[in-house]
Amino acid sequence: MREISKQFDFKKRESEIYASWEAGGFFNPDNSKSSKKYCNVLPPPNANGELHLGHACGYTVMDIFGRYERMNGKKVLLLPGKDHAGIQTQVVYEKKIKAERGISRHDLGREKFYQESYAFCTDRSNYMRSQEKKIGISADWSREKFTLDPDTLKIAMETFVKMYRDGLVYKGERIINWCPRCATALSDVEVIHHEKEGKMYYIKYPIKDSKEFLVVATTRPETMLGDTAVAVNPKDKRFLGFIGQTLILPLQDREISVIADRRIDMEFGTGAVKITPAHDPLDWKIGKDHKLEELQVINEKAEITEIGGKYAGMDVLAARKQIVADLAELGLLEKEEALTNNISICERCKTAIEPLISKQWFVNVDGEKYSFKKETLALIKSGKVDIYPENFKKILINWISNLEDWCISRQIWWGPQFPVWYRGEEVYVGLEAPKGKNPASAAKASTDKKATAGEWIQDENTFDTWFSSSQWPYTALGYPKGKDYRNFYPTDMMITGRDLLFFWAARMLMLGAYRTGQTPFKHLYFTGLVLDKDGQKFSKSKGNGVDPMETIEKFGADALRLSLVMDIAPGQDTRLSEEKVESFRNFVTKLWNIFRYCEQSDANFGLVEKISKKDLKTLSDRWIVCELEETVGKVTQFMKDKNISLAQDTLRKFTWDSFAAWYVEIHKIEKNTKVLGYVLDRILKMWHPFTPFVTEEIYQIMNKGTLGVLGHPVSKVLMVAAWPKSEKKFVDREFKKDFRDLVNLITMIRNLKSSYRIDPAQILEVYCEGKIEKDIIEKLARVSITQGVAFNKRKMIKLSTPRRALFLDIAKSVDIAKELENAQKEIAELEGLVGKNEGMLKNKNFVAGAPATVIEATKTRIVEYKNRLKVKKELVKDLGRL
RNA sequence: GGGCGAUUAGCUCAAUGGCUAGAGCACCUCGUUUACACCGAGGGGGUUAUAGGUUCGAGUCCUAUAUCGCCCACCA
């Protein structure tokens with residue numbers, strides 16, 4: 001017999017097992033002969049840091065489904081990759097060179113900075129890959145992609161060229177979100193709004209040739225330098241006489257007029273709004289409609305421009321302070337009021353956003369030739385993509401319905417540059433830099449103007465990361481001719497965090513539908529955020545970060561996996577604490593010890609794939625197999641429904657509460673090694689997607705396996721073993737009932753001992769008239785049963801369940817009054833239940849309306865209650881006699 | 001302002017409209033029955049946020065209300 005340690009040595013074995021899976025080629029779908037396929041192109045994490053718990057959670061879910069499908073005989077591709085993560089990586093790398101070398105990206109220059117960033121990403125990717133492997137994800141690393149890999153990138157760039165030709169991208173001047181620190185434009189979703197205590201300033205604008213003023217309210221007085229109008233609502237009676245009048249803009253001494261616009265809220269501020277078309281999105285729209293001049297008074301470094309006169313060169317906050325002081329001195333500041341208002345900050349670096357007018361590339365989301373809005377909505381509503389949780393569908397539909405043009409150009413250095421070249425007034429859009437004189441032959445994209453002499457110069461802008469990553473499902477698979485694309489697209493599953501709903505998920509649907517004409521995935525599954533035990537987001541600044549690698553080191557990957565997906569609903573946030581991981585580590589140990597018992601119980605013990613009814617010798621055999629087959633059925637259904645949590649819960653209950661707590665205990669008394677081996681075999685298979693390491697280890701030991709050695713029979717590797725099918729022929733409710741009766745009898749004795757403080761180890765003498773599971777009850781309830789002899793029933797109390805009874809001679813130590821009270825309390829409860837259920841059956845509406853199974857269950861229940869009632873009433877009689 | 005979600009045991013969370021609402025952790029009592037003290041036996045703990053409604057039947061569906069959270073939005 002082998003010596004097996006008390007705990008699974010996860011520290012040593014997890015990495016070894018992973019390496020042998022890899023060496024065995026089990027992650028590579030090319031090694032599967034199956035014609036059924038399953039594909040999940042894994043979301044590429046940003047290649048600039050390390051794995052956090054959110055990644056670990058996502059990967060676990062992806063791997064659970066991947067392993068489940070593989071065990072169901074499918075050719076499974078989990079395709080890993082990394083994202084270059086434009087702005088974020090640039091921010092991270094700039095910080096790094098600042099800290100380590102005291103330099104900025106400008107000291108390196110664009111080309112050098114790009115090269116170093118690339119090397120940095122490669123380095124981080126290597127590190128992150130090692131972390132991903134520790135979580136146990138069964139991804140095919142031979143196919144790993146990076147968003148900047150030439151072949152992958154080429155496909156994404158082709159999409160841009162196609163969009164250009166279809167009139168779905170344009171370069172235009174619009175007001176955009178500008179991050180002064182990152183020095184780039186941002187899309188709307190990259191801006192975070194949050195409330196902040198601020199001030200509202202009421203400023204008097206003198207009316208020309210009058211001593212009157214019009215008072216405007218603003219939170220950003222510095223923008224007044226660029227005011228080109230004041231607007232009021234045409235319905236606002238207070239200002240009727242002012243419309244069309246001329247005001248003198250303080251500090252600038254410029255004449256501006258009062259205009260009327262319905263978009264002005266009469267309730268807010270004073271009802272009169274200063275209009276700065278160059279620095280506010282609404283003002284920009286109003287300015288366009290009223291043909292107002294756009295004066296840029298704030299530059300891209302968030303400083304006042306020359307137009308700002310004496311304030312030129314000051315940063316906006318300094319300028320604000322000075323302007324307020326100057327206005328006060330001029331007597332033009334009516335008042336200041338405290339106010340909480342929304343401020344906009346950069347998602348990546350948290351710097352305040354400046355709205356600026358800028359020439360940028362935009363996606364036209366509602367073009368004439370193709371409407372991203374309409375097509376994506378149609379796709380979502382078509383039901384071709386299932387969304388978990390379902391209510392996220394509504395959120396998606398709502399977001400897409402209100403979509404505005406998407407700014408995709410960034411002024412950062414890190415990322416793919418636009419495939420656009422200029423020569424004088426000429427514009428060329430194509431994958432390769434134009435050569436020679438006539439670029440129009442490659443793509444008919446030039447403007448009508450004549451080519452001028454000179455070099456072609458590439459557009460300096462880089463792409464919004466999400467433009468390329470939103471194409472990931474088909475770029476990573478090699479659209480349109482790649483073997484993987486043809487085999488696996490549309491993919492089956494996409495799993496991502498709910499925080500990426502708009503950034504990524506919505507846009508994958510948009511671009512996937514546009515480029516491939518299909519949904520990029522059939523199922524879209526959202527995970528919630530992983531929060532700390534106090535419900536706070538993990539963040540470096542809060543210092544509450546939990547490194548998944550440390551957790552794995554301490555508790556094992558299997559335990560971490562379980563704790564990240566147990567008790568979790570899709571899209572719902574979850575809290576993770578060390579205690580939680582610890583409790584799942586305990587479960588892994590339990591699983592291990594069940595195995596350990598099996599190993600030691602019999603020298604001939606082995607896993608058993610198939611049994612027949614003849615192999616079931618005893619009640620407990622029939623019961624455990626019945627429970628097992630029901631569990632297989634339920635777990636399989638939950639997996640099909642993508643309900644991981646319930647699948648795991650069902651499995652855990654069976655494993656711990658049924659198998660370990662009862663069957664294994666009984667097995668010590670009446671051995672049936674074959675059944676034990678059968679149950680363990682199926683448990684291992686069902687647990688495998690959740691806890692791949694410990695289950696594979698047990699399976700290998702049992703099969704004397706040498707996993708990973710070439711030529712080893714694949715059937716002896718758990719990760720490619722077949723997922724069990726529920727054998728309905730073993731399911732029989734009678735066994736369940738009968739066994740429960742036995743359990744109840746044992747529990748009753750344990751209860752009695754506990755409530756009378758009888759040493760649990762003390763063997764009670766009991767008597768029995770007929771047949772009973774003598775050995776089991778004696779061992780598990782710690783009693784000694786004398787069968788079939790005459791004994792004086794009158795002096796004993798009867799411990800009985802509907803099917804079994806024992807007589808116990810402890811009348812002296814039993815508190816009869818208390819027992820009576822308990823029994824009567826129970827009788828009252830049972831009578832109540834019988835009454836309630838009988839009432840249901842008497843109700844014609846219930847009988848007419850409820851399904852037959854429910855009515856049947858109700859009837860069975862009544863019989864059960866009545867049986868128990870009978871037993872209790874007998875007990876009361878007995879107690880009364882004693 | 002709009003939308004979404006949450007509210008269930010001390011804590012963290014489950015529960016396809018149908019069995020006496022369940023787990024884990026924590027708590028109390030007891031236990032060295034050799035698989036497991038990372039365990040076992042027993043126990044306490046609930047007006048399912050509130051108020052109505054639909055239904056034979058509601059934690060679950062509907063309508064309000066309250067509290068908390070998230071997302072979106074051009075209130076300067």
Side-chain angles (χ1 to χ4, degrees), chain A residues 4 6-7 175 188-189 193 200 216-220 223 231 263-265 267-270 272-276 280-286 341-342 355 389 391-392 394-395 398-399 402 498-499 501-502 529 533 535 555 566-569 571-577 579-580 582-601 637-638 641 643 645-646 649 652-653 657 660-661 664-665 668 747 750-751 753-755 757 759-761 779-780 782 829-830 832-833 836-837 839-840 843-851 853-855 857-858 860-861 864-865:
Chain A
I4 293 168
K6 278 189 175 184
Q7 279 109 35
I175 193 152
D188 294 340
V189 290
H193 306 276
M200 178 81 114
V216 300
T218 181
T219 51
R220 298 200 60 193
T223 62
R263 282 166 284 196
I264 304 303
D265 183 351
E267 309 293 316
F268 195 83
T270 62
V273 186
K274 55 187 275 315
I275 301 296
T276 321
D280 180 275
L282 178 61
D283 292 6
W284 182 75
K285 281 185 189 169
I286 291 175
N341 67 327
N342 274 333
N391 65 293
F392 276 40
K394 272 192 289 184
I395 303 175
N398 183 52
W399 188 77
N402 294 310
R498 66 162 176 82
D499 50 330
L501 181 61
F502 305 133
L529 304 181
K533 65 177 193 305
F555 298 109
M566 186 63 197
D567 280 351
I568 287 177
Q572 210 64 48
D573 293 350
T574 180
R575 298 183 188 194
L576 187 80
S577 59
E579 293 77 43
K580 191 169 176 183
E582 195 179 355
S583 77
F584 285 109
R585 188 273 322 264
N586 294 351
F587 175 77
V588 170
T589 303
K590 187 76 186 179
L591 203 53
W592 181 255
N593 275 295
I594 290 171
F595 152 66
R596 206 162 153 248
Y597 168 79
C598 293
E599 244 298 291
Q600 293 174 11
S601 68
Q637 190 56 49
F638 284 134
D641 295 341
N643 197 334
S645 218
L646 277 185
D649 188 50
R652 193 184 47 75
K653 278 183 179 140
D657 302 343
V664 167
E665 289 306 317
K668 291 173 183 170
T747 307
R750 286 171 173 173
N751 261 324
K753 282 192 178 183
S754 174
S755 60
R757 300 191 175 274
D759 180 356
K779 193 88 186 291
L780 298 188
R782 310 287 291 168
E829 268 171 29
L830 285 165
L833 287 168
K836 183 184 156 191
N837 284 280
M840 282 162 75
N843 184 329
K844 285 192 187 99
N845 290 325
F846 172 72
V847 179
T853 50
V854 173
I855 293 171
T858 309
T860 326
R861 223 155 43 229
E864 238 173 82
Y865 293 148

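Everything numeric in this text was worked out from a predicted model, so none of it was measured. Residue numbers begin at 1 in each chain, while the letters A, B, ... track the order of the sequences.
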Kindly point out which of [options] is positioned nearest to the side chain of [X]?
X        : options             : answer
A/Leu830 : B/C74, B/A35, B/U20 : B/U20
A/Asp188 : B/C4, B/A73, B/G42  : B/A73
A/Phe502 : B/C19, B/U16, B/C72 : B/C72
A/Arg498 : B/C70, B/A73, B/C25 : B/C70
A/Ile264 : B/A76, B/A35, B/C74 : B/A76
A/Lys590 : B/G42, B/G40, B/G22 : B/G40
A/Thr218 : B/C56, B/A76, B/C36 : B/A76
A/Ala850 : B/C36, B/U20, B/G18 : B/G18

Measuring only the [atom1] atom in each nucleotide, how far is [N] from [M]? A whole number of Å is fine.
N     : M     : atom1 : answer
B/A14 : B/A9  : P     : 12 Å
B/G17 : B/U55 : C1'   : 9 Å
B/U63 : B/U54 : P     : 15 Å
B/A49 : B/G5  : C1'   : 15 Å
B/G46 : B/C11 : P     : 13 Å
B/U7  : B/C61 : P     : 11 Å
B/U50 : B/G59 : C1'   : 14 Å
B/A41 : B/G24 : P     : 11 Å

So, is [X] close to the [N] phosphate, meaning a side-chain N or O under 4.0 Å from OP1 or OP2?
X        : N     : answer
A/His193 : B/A73 : yes
A/Arg575 : B/C13 : yes
A/Asn398 : B/C72 : no
A/Tyr597 : B/U34 : no
A/Lys6   : B/A37 : yes
A/Lys836 : B/C19 : no

Using a 4.0 Å heavy-atom cut-off, does [X] contact any base of the nucleic acid, only the sugar-phosphate backbone, or nothing at all?
X        : result
A/Pro851 : base
A/Asn342 : base
A/Val664 : base
A/Ala217 : base
A/Gln7   : base
A/Phe392 : nothing
A/Thr747 : sugar-phosphate
A/Thr589 : base
A/Ala660 : base
A/Arg652 : sugar-phosphate
A/Tyr865 : base

Length of the line joining [X]:[atom1] and [N]:[atom2], which is rounded to integer Å:
X        : N     : atom1 : atom2 : result
A/Ile594 : B/A35 : CD1   : P     : 13 Å
A/Asp573 : B/U12 : CG    : P     : 14 Å
A/Asn837 : B/G57 : CG    : C1'   : 11 Å
A/Asn593 : B/C36 : CG    : P     : 6 Å
A/Arg750 : B/G42 : CZ    : P     : 5 Å
A/Asn586 : B/A23 : CG    : C1'   : 15 Å
A/Phe268 : B/G1  : CZ    : C1'   : 12 Å
A/Phe584 : B/C13 : CZ    : P     : 13 Å

Please determine, for [N], whether a Watson-Crick or G-U wobble partner exists with both distances under 3.5 Å, and give it or none.
N     : result
B/G52 : B/C62
B/C30 : B/G40
B/C19 : none
B/C68 : B/G5
B/C11 : B/G24

Problem - Close side-chain approach of A/Arg498 and A/Ile395, heavy atoms under 4.5 Å - result: no
Exercise for the section: Please determine which of A/Asp280, A/Thr223, A/Asp283 meets the side-chain contact (heavy atoms from CB on, under 4.5 Å) test together with A/Lys274. Expected result: A/Thr223
Verify, without hydrogens or angle tests, whether [X] (side chain) and [Y] (backbone) share a donor-acceptor contact under 3.5 angstrom.
X        : Y        : value
A/Asn837 : A/Thr858 : no
A/Asn593 : A/Thr589 : yes
A/Ser601 : A/Cys598 : yes
A/Lys753 : A/Arg782 : yes

Exercise for the section: Spell out yes or no: do the side chain of A/Arg585 and the base of B/C38 have one donor N/O and one acceptor N/O closer than 3.5 Å? Expected result: yes
Exercise for the section: Using only heavy-atom distances, decide whether a donor-acceptor pair under 3.5 angstrom links the side-chain of A/Lys668 to the base of B/A35. Expected result: yes
Handout entry: SB check A/Glu582 A/Arg585 (cutoff 4.0 Å)
Key = yes
Handout entry: Stepwise side-chain contact (heavy atoms from CB on, under 4.5 Å) test for A/Met840 and A/Val854
Key = CA-CA 11 Å; A/Met840 282 162 75; A/Val854 173; 5.6 Å; no
Practice task
Before giving the answer on side-chain contact (heavy atoms from CB on, under 4.5 Å), spell out for A/Asn643 and A/Gln637 the whole-Å C-alpha distance, their side-chain angles and the decisive distance to 0.1 Å.
Solution key: CA-CA 9 Å; A/Asn643 197 334; A/Gln637 190 56 49; over 6 Å; no
Exercise for the section: Between A/Asn845 and A/Cys598, name the one whose nearest nucleotide on RNA chain B is closer to the 5' end. Expected result: A/Cys598
Exercise for the section: For A/Arg782 and for A/Glu579, find the nucleotide of RNA chain B with the closest heavy atom, then tell me which residue's nucleotide is more 5'. Expected result: A/Glu579
Practice task
Search all heavy atoms of A/Arg220 against all heavy atoms of A/Pro355 and return the closest pair with its distance.
Solution key: NH1-CD, 3.8 Å
